[in-house]
Amino acid sequence: MGRRNLYGKVAICGIGESTYYKHGQSPDPEFVLALRAILKAAEDAGINAREIDGFASYSNDRNDPSRLAAALGINDLKFANMHWGGGGGGVAAAVANAAAAIAVGFADCVVVFRALAQGQFRRFGEALPDPTVSGEAAFLSPYGVMSPAQKYAVKATRFMHEHDISRSTLRAIAQASYHHAQTNPRALMKGRPLSGEKYDESRWIVEPVNRLFDCCQENDGAAAVILVSAERARDLRQKPAYLLGAAQGSDHRCAATVMNGTNVASSSFTTVAERLYEATGLKPTDVDVVQSYENFTTGVLMALIEHGFCAPEDANDFFTLQNLSAGSGRLPLNTSGGNLAECYMHGMGLQLEAVRQIRGESCNQVAEANISMNIAGPMVSPVSSLIMGSEETLT
Amino acid sequence: MTSNTYLPAGMPIPVPAADGLDAPYWEAARRSELVVQRCGACGSWQWGPEWLCHRCHSFDMRWEKVSGEGVIYSWERPWHPVHSSLKAVGPYTVVLVELPDAGNIRMIGNLLGPKDQDVKIGRSVKAVYEPHEAADPPYTLVQWVSS
Ligand SMILES: [Zn+2]
């Protein structure tokens, strides 16, 4: 396979995050959280934040790039990009869009950021208070299908039914995140390990697939990564995490309303994963470590299968805590604790962790991690995923 | 009123989209009829509603009455209430139903009956009509029962 699009042209040179909080507990407004994460990423990169000349985000982030540019005193704003689509499906696409802007010369130093204060604004997991609903919601909400957990459970229920997949796979995914969080000082679930018994005894959120520990947290915070050209990154303080390729989108009629997508029992990644491997010339067995967005463990299950890490019929054997753990596992997964146990920063935290693995700085470092994959929020449309690599992957 | 509906009063009230796209569906439901979109040019069934046929790009989308015979494609049982009207309800059953007589389009509804009943993918169901007369404006939901 050849290498296309971005392979090695652009690198992440800086990462930063605010303090992570339980939802509603941030002392700072959301905009301040965004600023703190961006400044920290610039400091990590060893650049002046005024050097940033582009902004990229996703999921209708409320923190407008022009306000950010004014607040930061940026002289020449060259790129302001919002990736369409709700949820965390666009986080890898936002990084890819930033990288593309640098590769074609629209901008030279682009920050990708996400800030969330679910306390200042509304919580994702609560229904809107509107007395009437129209459009797709009219066909869902009156039946009690309102939250993301309720909207996506039918996809996973069908997928697991078709492939005879056990719920033990979901337990393993949840336990991997909690296991890795125990060594991560940033993780909100540090000090709260998850035993198999504790998982099994947790209450149903949506039967038959989502127990409490299958669902992401709701948090306040912000996180950011800064991208520059590969040449510039080599002159900076940190070991560059090169973008080797990315893909975004979804398959045939994926978002047709009321679950009428052609391939509805899916994480939406079938065509995107194929394009990611085409773009990078890599295959699943080349990947050393994966950060896969957990809105729900079901989404991780389907996303990893649709990225080719295991065949559906092998899932019950493949998805074990040991296999998914750094140190012992065939596929170390969510090595910071992820959305479940580090912080739900709409997937940006998982981007930072993918970079740490390339740098060799993770709290759960995978030995010789040269190829680091990041899979954005599953089951929505569009979705996105990307692969980062170390200097060793450029030869 | 509450005793006649699967979920309690106070749930979000469905109203037709502002552009009128799905108004024929909601009007038909008030008459205890299930209508869905079918293309006047190529005969394709289509759901959810859209102005254009996804298969042939004709704008001649018509509304056709269907039998209401369905098959459970998937299901779920929410336990955690996310709406104030559901706080005291406990778990309830949601089914994703395929309509073999209408190109296997899918619809979401509740499976009426005991809220903890056994649900099986592949089981046959049929559409029934659940009026909410006390709501403002009143509306009718298409619901599902085992057949
Ligand atoms: Zn047509």
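Owing to the predicted nature of the structure, the values given are computational and were not obtained by experimental measurement.
Taking B:Ser84, B:Gly10, B:Pro137, B:Pro49 one by one and counting their heavy-atom pairs under 4.5 Å with chain A, the maximum is reached by B:Pro49. Chain B forms the most heavy-atom pairs under 4.5 Å with one residue out of A:Gly144, A:Ala149, A:Ser141, A:Gly135, and that residue is A:Gly144. The candidate with the highest count of non-hydrogen atom pairs below 4.5 Å against chain A, out of B:Leu96, B:Leu141, B:Val94, is B:Leu141. Most heavy-atom pairs under 4.5 Å with chain A: of the set B:Glu76, B:Met107, B:Met11, this distinction falls to B:Glu76. Taking chain B as the reference chain and counting heavy-atom pairs below 4.5 Å, the highest number among A:Val133, A:Thr132, A:Val264 is found for A:Val133. Interface remark: of the candidates A:Ala265, A:Ala256, A:Ala137, A:Pro131, A:Pro131 forms the most heavy-atom pairs closer than 4.5 Å to chain B. Ranked by heavy-atom pairs shorter than 4.5 Å toward chain A, the options B:Glu50, B:Gln143, B:His54 are led by B:His54.
Residue contact with chain A, scored on non-hydrogen atoms closer than 4.5 Å, involves the backbone of B:Pro16 exclusively. For B:Leu86, the part lying near chain A is the side chain, with the backbone staying farther off; criterion is any non-hydrogen pair under 4.5 Å. Within the 4.5 angstrom heavy-atom criterion, atoms from both the backbone and the side chain of B:Val142 approach chain A. Interface residue B:Asn110: backbone and side-chain heavy atoms are both found under 4.5 Å from chain A. For A:Pro142, the parts lying near chain B are the backbone and the side chain together; criterion is any non-hydrogen pair under 4.5 Å.
To the nearest 0.5 Å, the span separating NE2 on B:His80 from OG on A:Ser147 amounts to 7.5 Å. A distance of 5.0 Å separates CD in A:Glu162 from OH in B:Tyr73, rounded to the nearest 0.5 Å.
Listed for the A:Ser134 side chain is no donor-acceptor partner under 3.5 Å among the backbone atoms of B:Val15. Panel note: side chain B:Arg77, backbone A:Glu207; no donor-acceptor pair is recorded below 3.5 Å.
Proximity of B:Pro12 to A:Met146: side-chain heavy atoms (C-beta onward) are separated by under 4.5 Å at one or more points. Contact annotation: the side chain of A:Phe139 never approaches that of B:Ile108 to less than 4.5 Å [non-hydrogen atoms, C-beta and beyond]. Contact annotation: the side chain of A:Pro208 approaches that of B:Trp75 to within less than 4.5 Å [non-hydrogen atoms, C-beta and beyond].
When all heavy atoms of B:Trp47 and A:Val258 are compared, the closest pair comes out as NE1-CG2, 4.2 Å. The minimum heavy-atom distance linking B:Arg106 with A:Thr262 is given by the pair NH2-O, 3.9 Å.
The neighbour count for B:Arg55 CZ, taken as heavy atoms of other residues, nucleotides or ligands under 6.0 Å away, does not exceed 12. Atom CD of B:Glu69 has more than 12 neighbouring heavy atoms from other residues, nucleotides or ligands inside a 6.0 Å radius.
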